[in-house]
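Atoms within each ligand, like the ligands themselves, are counted from 1 in listed order.
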Amino acid sequence: MAIPCPPFIGSEKLSIESGAMSPSSPSPLILTQDELKKIAAYKAVEFVQSGMVLGLGTGSTAKHAVDRIADLLHQGKLKNIIGIPTSTKTHQQAVSLGIPLSDLNSHPVVDLAIDGADEVDSNLNLVKGRGGSLLREKMIESACKKFIVIVDESKLVAHVGASGAMPVEVVPFCWKFTQDRLQNLFDYAGCVAKLRTDNGGEKIFVTDNGNYIVDLFFKKDIGDLKVASDAILRLAGVVEHGMFLDMATTVIVAGELGITIKDK
Ligand SMILES: O=C[C@H](O)[C@H](O)[C@H](O)COP(=O)(O)O
């Protein structure tokens, strides 16, 4: 299915050379999805400056950004960076790479966060959390002066929920009750709510915060996102949801034709 791209501003053709990004002439090489993620991530890291407090995102795209930040730190090209990880996995990665870390208690204002997304719509609204992280991401990314989202072009969607699940983090207590209420809330959009398990098996998936995730699958557009967000958050038992509305300040998309950047 062809997905309409947002009206991006700024566009450059890029390729990966020796693990770094550089301008390129048209290349016969077909880039893999992971290479596209890396290109978007490296581009975002160009916005990092010495002395910044950085939100370190979670997932296969953000991982490249964290690696790159560590490389630049070790090369002495970046200095005095403080990272605030958005998940235990990213925390472990950052520790293993020697990135100095802190948290929102000590650093309540974050200069820049770089993170991936599962969906990006034409207004830069996002779906996040299909990898299991969303609450810490939302706390840290809502404390940011600048939030750069990095994606490959497969993440662009016509509307939120078009490509798969919209995750909702819920407390374990009577999760089925909350799941049913969530499904009823979006009955008009043909919603099916499913408790997430580890790799689709029997074991219930547990978030970094000790909660469960209910994935909402919609057959139709859910309409006004702010209305949907407020309705979800009003349900007792819901901790947070994976719609990140009006939060991204910049989206960097890497695709077969190059890299495109849209600022809010
Ligand atoms: O739960 C995971 C996070 O929200 C990720 O940032 C999101 O799922 C995108 O991950 P990836 O870059 O691996 O597609």
query: Can you list the ligand 1 atoms lying under 4.0 Å from a non-hydrogen atom of S133?
result: 1 (O), 2 (C), 3 (C), 4 (O)

- request: Check ligand 1 against D118 and write out every atom of the ligand that is under 4.0 Å from a heavy-atom position of the residue.
  value: 7 (C), 8 (O), 9 (C)

- prompt: Got a sec: does the CZ of F173 have more than 12 other heavy atoms crowding it under 6.0 Å?
  reply: no

- request: Go through ligand 1 atom by atom and flag the ones less than 4.0 Å from a non-hydrogen atom of S60.
  value: 11 (P), 12 (O), 13 (O), 14 (O)

Per-atom contacts of ligand 1 with T58, taking only distances under 4.0 Å to non-hydrogen atoms: 3 (C), 5 (C), 6 (O)

message: Within the structure, is a non-hydrogen atom of G132 found at a distance of less than 4.0 Å from ligand 1?
response: yes

Backbone N/O of G57 and side chain of K63: donor-acceptor pair under 3.5 Å: no

field: Nitrogen or oxygen of A62 less than 3.5 angstrom from that of ligand 1
entry: no

message: Tell me whether K89 at atom NZ has more than 12 heavy atoms from other residues, nucleotides or ligands lying less than 6.0 Å away.
response: no

field: Smallest separation among heavy atoms of A162 and E119, with atom names
entry: N-OE2, 3.3 Å

- prompt: To the nearest 0.1 Å, how far is atom 3 (C) of ligand 1 from its closest protein heavy atom, and which atom is that?
  reply: E137 OE2, 3.1 Å

query: Do the ring centers of F218 and F186 come within less than 6.0 Å of each other?
result: yes

- line: Which of T86, T88, N209, D103 passes side-chain hydrogen bond (donor to acceptor under 3.5 Å, both in side chains) with R136? Answer is N209

Closest non-hydrogen atom pair, K264 against N123: NZ-O, 2.5 Å

field: Nearest non-hydrogen partners of G242 and L134, listed with the distance
entry: N-CD1, 4.2 Å

- prompt: Has N199 got more than 12 heavy atoms of other residues, nucleotides or ligands less than 6.0 Å from its CG?
  reply: no

- prompt: Which ligand 1 atoms does T61 reach within 4.0 Å, using its non-hydrogen atoms?
  reply: 11 (P), 12 (O)

- prompt: What part of V151, side chain, backbone, both or neither, has a heavy atom within less than 4.0 angstrom of ligand 1?
  reply: neither

- prompt: For ligand 1, is there an N or O atom under 3.5 Å from any N or O atom of G131?
  reply: yes

message: Does atom NZ (K194) have a neighbourhood of more than 12 heavy atoms from anything else shown, all under 6.0 Å?
response: no

- prompt: In terms of residue, atom name and distance, what is the protein heavy atom nearest to atom 14 (O) of ligand 1?
  reply: K155 NZ, 2.6 Å

- line: Taking only non-hydrogen atoms of R130 and a 4.0 Å limit, the atoms of ligand 1 in range are 1 (O), 8 (O)

query: Which atoms of ligand 1 have any heavy atom of K128 under 4.0 Å away?
result: 3 (C), 4 (O), 5 (C), 6 (O)

- prompt: Where does A117 meet ligand 1, judged by heavy-atom distances below 4.0 Å: at the side chain, the backbone, both, or neither?
  reply: backbone

task: Return a yes/no value for G59: is any of its N or O atoms, backbone included, closer than 3.5 angstrom to an N or O of ligand 1?
output: no

